[in-house]
Amino acid sequence: MTPAPAFFTRPALEVAPDLLGAVLTSTLPAGRVAVRVSEVEAYDGANDPGSHAFRGRSTRNAVMFGPPGHVYVYFSYGMHWCMNVVCGAEGTAAAVLLRAGEVIDGVDLAQQRRGQCVAERDLARGPARLAQALGVTGVLNGADLATGRLRLRLPATSADHVSTGPRVGLSRGAELPWRFWVSGSGFVSAYRAAAR
DNA sequence: TGAACGATTTCCT
DNA sequence: GGAAATCGTTCAA
């Protein structure tokens with residue numbers, strides 16, 4: 001089922017676990033790739049020291065403050081793209097980072113983007129890997145999930161078992177258990193404690 | 001105007 | 001287990 005607009009108009013902490021099992025499909029000139037989401041992280045704008053929006057609105061994070069149901073794509077470490085689903089009421093800057101998933105359609109294209117030697121299990125296991133497998137870059141920043149080249153489909157029933165834990169790679173706010181993943185899934189990123 | 005660092009990945013030892 | 005790659009954003013001066 002395609003989620004109703006109201007699905008996204010909730011706090012990130014409520015939307016995040018509901019996204020587990022959802023299928024994200026990118027339809028671009030190169031072809032179509034679909035990924036079943038197995039790991040996410042919640043970011044709660046103004047109150048969250050780990051969020052890009054913690055210090056207020058800026059050119060980069062403007063999309064987070066916009067209407068929910070859109071995609072926030074950012075450039076990281078000078079070489080990687082990562083994608084979020086904007087949620088919460090407009091102006092709240094809440095978002096959910098898609099950290100990992102399983103490629104269930106368009107495996108050939110995903111492998112072409114990621115590299116022929118990459119194992120199928122590793123095609124979208126990690127936030128930057130997931131974005132690369134789907135062909136997501138900055139040009140899709142702000143794209144609307146309802147009408148754009150990216151579409152989201154919710155599972156008939158929510159994930160059976162959900163695990164929670166600390167978020168990955170943050171120097172601040174890392175103690176909050178705002179990471180969610182499908183228990184026992186092999187398509188989950190490897191945890192690494194924040195550097196520093 | 002400059003310096004530090006990051007919601008990461010990959011390759012090396 | 002450790003470090004490099006690489007650049008836009010942010011913060012300090």
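Every chain is numbered from 1 and lettered A, B, ... according to where its sequence line falls, protein lines coming before strand lines.
With P as the reference atom, C/dG1 and B/dA7 are 23 Å apart, rounded to whole Å. For C/dA4 and B/dA4, the P atoms lie 15 Å apart once the distance is rounded to whole Å.
Residue contacts shown for A/Ser58 are limited to sugar-phosphate atoms, with no base heavy atom under 4.0 Å away. Here A/Gly126 lies in heavy-atom contact (under 4.0 Å) with sugar-phosphate atoms only.
Protein atom CZ of A/Arg129 is 12 Å distant from nucleotide atom C1' of B/dC11, rounded to whole Å. Rounded to an integer number of Å, the gap from A/Arg121 CZ to B/dT9 P is 14 Å. Atom CG of A/Asp122 and atom P of B/dT10 are 8 Å apart (whole Å).
For the residue pair A/Ser189 and A/Arg99, a side-chain donor N or O sits within less than 3.5 Å of a side-chain acceptor on the partner.
Seen from the ring of A/Phe8, A/Arg10 does not count as a face-on cation partner, given the 6.0 Å and 45° thresholds.
Under the 30°/60° scheme for interplanar angles, the aromatic rings of A/His52 and A/Tyr72 are found to stand perpendicular.
In this structure, A/Asp48 pairs ionically with A/Arg167, as a charged nitrogen and a carboxylate oxygen lie closer than 4.0 Å.
Candidate nucleotides B/dG6, B/dT8, C/dC11 were compared by shortest atom distance to the side chain of A/Ser171, and B/dG6 ranks first.
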For DNA chain C, the dot-bracket pattern of Watson-Crick and G-U pairs whose distances stay under 3.5 Å, | for other-strand partners: |||||.||||||.
